[in-house]
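Remarks on the structure that follows.
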Amino acid sequence: MGTRKIEETKEMTVRTRFAPSPTGYLHIGGVRTALYSWLHARQHGGVFILRIEDTDLERSTAEATAAILEGMQWLGLDWDEGPFYQMQRMDRYREVLAGMLEAGTAYHCYCSREELEVMREEQRARGDKPRYDGRCRHRHEPVPGISPVIRFRSPDAGETVVEDLIHGTVRFQNRELDDLVIARSDGTPTYNFCVVVDDWDMGITQVIRGDDHLNNTPRQIQILRALGAVPPQYAHVPMILGPDRQKLSKRHGAVSVLEYREDGYLPEALLNFLVRLGWAYGDQEVFTREEMVAAFRIGDVHKAASAFNPEKLLWLNAQHIQRLDDSVLAIRLQPYLEAAGVPEERIAAAGIPLPAVAAVLRDRAKTLSDMAAGARFFYDAPESPQGKDREKFLSGQEPLLRMAMAGLAALSGWEAPAIHAVLQQLAETHGGGKLGKIAQPLRVAVAGCAVSPPLDATLALLGREETLARLDRAAGWTT
RNA sequence: GCUCCCAUCGUCUAGUGGUCCAGGACACCGGCCUCUCACGUCGGUAACAGGGGUUCGAACCCCCUUGGGAGCGCCA
């Protein structure tokens, strides 16, 4: 019985977090670190925490916070605790700050910004790295009229080692690290300090974040040690570049993830794309959410930055569309159809089941928006086609349309194979044996454009009455 | 400038000293399939950044160079 207790304390519950700052929208890079954190927690039966780092009052907005939460929900990256807001934890930070001042691991610094700027300039001129020289370290008397900042007293000898799950051992000489500001002169704590206290308080076991934070890590470890806390494990994931391998920016469409939703991407496809950006599992390209959870290992993530590849995302989206059940696909598609101007009531009124339409469209759609565009004509009888299509395919084709109507009207059933036989027959008599000769005019007549699912399947779905009505109407467009 | 990180086809990657004149995927090019557009399918072009070591043997280990990135704030 005793051994059991040891195991439990040894194998701590995994606790990871995603900690975005609400100064902008949730973008691709953020989503990937969120995904990795989530995956790591889920595969270990751990806890995933959402924390909003909103201490930058100037730039944080409520809209950004809302967009982040909505994005996470849309992606299905569900969190077990939070969202926590740093602004609501100020009392706690002040308490820790006071303790550090008391213990002497932090001290007041009265240097003015101007003074510091001069100091840095001199250092730069000498070719040194600009860093605080610790001139207030031993000051005991306050300077009247100046509200001091609080600095962390960092060790000036030895080294701090980061055992990174992705990068391996990374060593930093302590003399390279200066005494950083952990509280501003107005008393508010700074980022590096809040992160440390939060990760500590929240019992985070693995900090998974962008590798732009790797340089901050030794200082965070030092603060944690000064606090008597055991540092968590770290995993610094590389950043994502634009398709041109330049830093990801708005120009690349690297905007809010919610735009991917608008553009008709499936969340599982986006997640699949992102998980493979910097990580691989043999030759497997397509992963379900469950497969990702099972196969992903944070330690297998690549060290190098990777470029965003929109074509591959599109391909993966198509792959995931292929794999959905008709009924599920229809449910996913419905909002996009609505956005394309086909409300739910009209779908019901038309009597053409959406799952069936989705089934015939799935092979040729890369996004749900594509699919909605392709599905529209089933529910909305097309207007007279414009320009080329009308001239090229309908001009002078009234006899053909009439023949088709006669043939289809005479059919006893209304199944695709029977319809196909009629079309085949028509091709023999009016198309020189070539289905292509007659299919295009009929397609344009019925769908309003030169692209649609196979004609027999399309007509079967439209129904006899609607097909004949559309052919009759199109006969008026043949001049 | 200083510190840290990184480096296989255009892109995402497999590869952890021999089985690699380097495999898969997207994209691209060609063939097949075909009533349109697609899907599918078959095939093709295409990479170990450069230089030194270590070793019987290096894409894999070490060093240097080059190139990219990050950090050096009372931003996060």
Side-chain angles (χ1 to χ4, degrees), chain A residues 19-23 53-56 58-60 86 109 111-113 116-117 120 123-132 147-151 162 164 166-167 170-173 175-178 180-186 188 190-192 194-195 210-218 236 238-239 241 243-247 273 276-286 302-316 318 322 361-366 370 374 393 420 423-424 427 431 434-440 442-444 447 449-456:
Chain A
S21 67
T23 53
E53 308 209 323
D54 56 353
T55 53
D56 185 349
E58 305 282 302
R59 300 190 300 149
S60 296
Q86 289 187 324
C109 168
C111 298
S112 68
R113 292 171 201 251
L116 294 174
E117 197 37 55
R120 290 192 192 105
Q123 289 165 334
R124 260 190 280 263
R126 260 184 272 128
D128 286 346
K129 174 178 0 188
R131 57 183 183 286
Y132 184 64
S147 317
V149 299
I150 298 174
R151 286 185 186 271
V162 179
D164 192 275
I166 293 171
H167 291 271
V170 183
R171 295 169 182 283
F172 293 86
Q173 295 304 312
R175 70 182 132 77
E176 295 292 339
L177 306 168
D178 62 0
L180 85 159
V181 172
I182 55 179
R184 304 177 181 91
S185 49
D186 65 2
T188 58
T190 61
Y191 167 77
N192 273 297
C194 296
V195 169
D211 67 5
D212 47 336
H213 291 284
L214 185 53
N215 285 301
N216 290 328
T217 307
H236 288 95
M239 61 186 292
L241 274 19
D244 52 3
R245 293 204 64 89
Q246 295 300 111
K247 194 171 178 175
F273 173 73
R276 278 285 289 102
L277 213 54
W279 173 81
Y281 186 68
D283 286 340
Q284 186 172 349
E285 296 288 351
V286 181
H302 261 221
K303 298 177 191 173
S306 43
F308 183 85
N309 182 184
E311 283 93 16
K312 187 147 184 183
L313 170 58
L314 212 47
W315 175 78
L316 272 170
Q322 304 275 32
L361 284 168
R362 64 158 19 115
D363 280 351
R364 61 213 79 225
K366 292 214 188 285
D370 280 356
F393 297 116
H420 188 80
L423 297 177
Q424 200 64 57
K434 294 198 172 163
L435 207 45
K437 279 279 182 203
I438 63 141
Q440 282 307 84
L442 295 177
R443 186 189 312 282
V444 173
C449 67
V451 174
S452 85
L455 241 200
D456 49 4

Exercise. Under 4.0 angstrom, heavy atoms only, what part of the nucleic acid is A/Gln173 near: base, sugar-phosphate, or nothing?
Worked result: nothing
Problem set entry | Nearest-nucleotide pick for A/Glu285, side chain only, options being B/rC35, B/rC2, B/rG24 | B/rG24
For this session: Look at all strands and tell whether A/Arg126 reaches a base, only sugar-phosphate, or nothing, counting heavy atoms closer than 4.0 Å.
Result: nothing
For this session: Please check the phosphate of B/rC12 (OP1 and OP2 only) for any side-chain N or O of A/Lys312 closer than 4.0 Å.
Result: no
Exercise. Counting only distance, no hydrogens or angles, is the base of B/rC74 paired donor-acceptor with the side chain of A/Thr190 under 3.5 Å?
Worked result: no
For this session: Write down the partner of B/rU54 under the Watson-Crick or G-U wobble criteria, each distance required to be under 3.5 Å.
Result: none
Exercise. Which part of the nucleic acid, if any, lies within contact of A/Arg443, taking any heavy atom under 4.0 Å across all strands shown: a base, the sugar-phosphate backbone alone, or nothing?
Worked result: base
Exercise. With sugar-phosphate meaning primed atoms plus P, OP1 and OP2, does A/Gly278 contact a base, only sugar-phosphate, or nothing at under 4.0 Å between heavy atoms?
Worked result: sugar-phosphate
Exercise. Considering only the C1' atoms, how many Å lie between B/rA58 and B/rG18, rounded to the nearest integer?
Worked result: 9 Å
Exercise. Of all the nucleotides listed (B/rC75, B/rC35, B/rU36), which has the minimum atom distance to the side chain of A/His420?
Worked result: B/rC35
Exercise. With sugar-phosphate meaning primed atoms plus P, OP1 and OP2, does A/Pro453 contact a base, only sugar-phosphate, or nothing at under 4.0 Å between heavy atoms?
Worked result: base
Seminar exercise, completed: Of B/rC75, B/rC39, B/rG24, the nucleotide closest to the side chain of A/Arg276 is B/rG24
Exercise. NA contact type, A/Ala450, heavy-atom cut-off 4.0 Å: base, sugar-phosphate, or nothing?
Worked result: base
For this session: Establish, with yes or no, whether the OP1 or OP2 oxygen of B/rC4 is under 4.0 angstrom from a side-chain nitrogen or oxygen of A/His213.
Result: no
Problem set entry | Separation of B/rA38 P from A/Asp363 CG (nearest whole Å) | 13 Å
Exercise. So, does the side chain of A/Arg364 form a donor-acceptor pair with the base of B/rC37 at under 3.5 Å?
Worked result: yes
For this session: Could you measure between the two P atoms, the one in B/rU55 and the one in B/rG67, and give it in whole Å?
Result: 31 Å
Problem set entry | Base-pairing mate for B/rC21 - Watson-Crick or G-U, with both contacts under 3.5 Å | none
Exercise. Given B/rA76, B/rC4, B/rC35, which nucleotide is nearest the side-chain atoms of A/Ser21?
Worked result: B/rA76
For this session: State whether the distance check finds a donor on one side and an acceptor on the other, under 3.5 Å, for side chain A/Asp456 versus base B/rC35.
Result: yes
For this session: Sticking with atom P, work out how far B/rC32 lies from B/rG68, rounded to a whole angstrom.
Result: 46 Å
Seminar exercise, completed: The Watson-Crick or G-U wobble partner of B/rG40, with both key distances under 3.5 Å, is B/rC32
For this session: Select base, sugar-phosphate, or nothing to describe what A/Leu214 touches, counting heavy atoms under 4.0 Å on all strands.
Result: sugar-phosphate
Problem set entry | Value in whole Å for how far the C1' atom of B/rG71 lies from NE2 of A/His236 | 12 Å
For this session: Indicate whether the side chain of A/Arg443 and that of A/Gln440 have a donor and an acceptor atom separated by less than 3.5 Å.
Result: yes
Exercise. For A/Thr55, which contact category applies under a 4.0 Å heavy-atom criterion: base, sugar-phosphate, or nothing?
Worked result: sugar-phosphate
Seminar exercise, completed: When rounded to whole Å, the CZ to P distance for the pair A/Phe172 and B/rU3 reads 12 Å
Problem set entry | Watson-Crick or G-U wobble partner of B/rC26, both distances under 3.5 Å | B/rG10
Exercise. Do any side-chain nitrogens or oxygens of A/Arg171 fall under 4.0 Å of OP1 or OP2 in B/rC4?
Worked result: no
For this session: Would you check, one step at a time, whether the test side-chain contact (heavy atoms from CB on, under 4.5 Å) holds for A/Arg362 with A/Gln322?
Result: CA-CA 6 Å; A/Arg362 64 158 19 115; A/Gln322 304 275 32; 3.8 Å; yes
Exercise. So what does A/Ser306 touch, heavy atoms closer than 4.0 Å: a base, only the sugar-phosphate, or nothing?
Worked result: sugar-phosphate
Exercise. In whole Å, what is the span from the NZ atom of A/Lys366 to the C1' atom of B/rA27?
Worked result: 11 Å
Exercise. Can you find a side-chain donor-acceptor pair between A/Thr190 and A/Asn192 that sits under 3.5 Å?
Worked result: no
Problem set entry | Worked check of side-chain contact (heavy atoms from CB on, under 4.5 Å) between A/Arg364 and A/Val451 | CA-CA 10 Å; A/Arg364 61 213 79 225; A/Val451 174; 5.7 Å; no
Problem set entry | Residue-phosphate contact under 4.0 Å: A/Arg245 side-chain N/O, B/rC12 OP1/OP2 | yes
Problem set entry | Watson-Crick or G-U counterpart of B/rG71, or none if no pair lies under 3.5 Å | B/rC2
